[in-house]
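Below: the structure, in structure tokens.
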Amino acid sequence: AKFTIELGGEAGNFSAICLVEVESRKPTSSVANKIKSLNGVKTLYEITGSSDFSVILEAESSDKLNELIDKIRNMENIKATNTNIILKKW
């Protein structure tokens with residue numbers, strides 16, 4: 001099976017929604033500030049459920065988007081991430 005990514009908004013940008021789970025004993029505010037400081041983080045929501053944050057990411061290429069996701073994954077106090085690439089914006 002194949003799929004197509006239709007780029008919306010600014011030409012050439014790749015977007016993703018990254019769900020982030022923080023270690024339970026760590027304050028989410030300090031982790032949020034670190035995530036917000038990364039270039040490519042467009043919006044950061046604190047949410048309910050199994051994840052603590054929903055992060056909207058944008059980068060100029062799939063490689064840059066992957067680098068940004070890796071930066072979040074490798075941050076101190078990050079327990080897990082689950083990333084969804086945005087295929088099309090309606």
Side-chain angles (χ1 to χ4, degrees):
K2 294 183 180 184
F3 62 89
T4 303
I5 298 174
E6 294 185 20
L7 302 176
E10 298 176 33
N13 283 344
F14 290 79
S15 300
I17 300 166
C18 184
L19 300 175
V20 179
E21 189 177 345
V22 177
E23 293 290 341
S24 61
R25 289 179 270 164
K26 301 299 176 185
T28 55
S29 60
S30 64
V31 176
N33 288 328
K34 289 178 186 175
I35 293 172
K36 282 189 335 185
S37 72
L38 295 174
N39 188 27
V41 172
K42 295 301 169 192
T43 310
L44 174 66
Y45 299 103
E46 188 164 353
I47 59 174
T48 61
S50 60
S51 297
D52 297 294
F53 298 115
S54 178
V55 188
I56 309 303
L57 307 172
E58 193 172 275
E60 61 192 28
S61 69
S62 59
D63 288 338
K64 295 282 186 191
L65 186 60
N66 194 46
E67 288 173 18
L68 180 56
I69 294 164
D70 283 342
K71 285 180 184 178
I72 293 172
R73 265 192 207 123
N74 293 319
M75 281 184 169
E76 188 177 357
N77 302 320
I78 299 296
K79 183 176 180 181
T81 63
N82 183 350
T83 303
N84 299 282
I85 303 298
I86 296 172
L87 299 177
K88 184 175 183 176
K89 183 177 179 182
W90 293 90

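Nothing here was measured: the structure is a model prediction, and the numbers come from that model.
- Counted within 6.0 Å of CG on N39, heavy atoms from surrounding residues, nucleotides or ligands total 12 or fewer; the atom is thus considered open.
- Note that CG of L57 and OG1 of T43 are 9.5 Å apart. Values are rounded to the nearest 0.5 Å.
- A 4.5 Å side-chain heavy-atom check between L38 and M75 finds at least one atom pair inside the cut-off.
- Residues F14 and I85 fail the side-chain proximity criterion, which asks for heavy atoms closer than 4.5 Å.
- The structure places NZ of K88 at 15.0 Å from OG of S15, a figure rounded to the nearest 0.5 Å.
- Contact detail for L65 and E58: the closest heavy-atom pair is CD1-N, 4.5 Å.
- Put simply, SG on C18 and CG on L68 are 8.0 Å apart, with the number rounded to the nearest 0.5 Å.
- With contacts defined as side-chain heavy-atom distances shorter than 4.5 Å, the pair D70/R73 qualifies.
- The shortest side-chain heavy-atom distance between I17 and S54 falls under the 4.5 Å cut-off.
- Looking at heavy atoms from C-beta onward, V20 lies out of side-chain contact with L44 at the 4.5 angstrom threshold.
- Looking at every heavy atom in both residues, E46 comes nearest to T28 through OE2-OG1, 3.2 Å.
- Between atom NZ of residue K79 and atom CZ of residue R25 there is a gap of 10.0 Å, rounded to the nearest 0.5 Å.
- For K36, the NZ atom counts as loosely surrounded, since its 6.0 Å shell holds 12 or fewer non-hydrogen atoms of other residues, nucleotides or ligands.
- Of the possible polar contacts, none joining the N77 side chain to the K26 backbone as a donor-acceptor pair under 3.5 Å is found.
- Between atom CZ of residue F53 and atom CD1 of residue I47 there is a gap of 9.5 Å, rounded to the nearest 0.5 Å.
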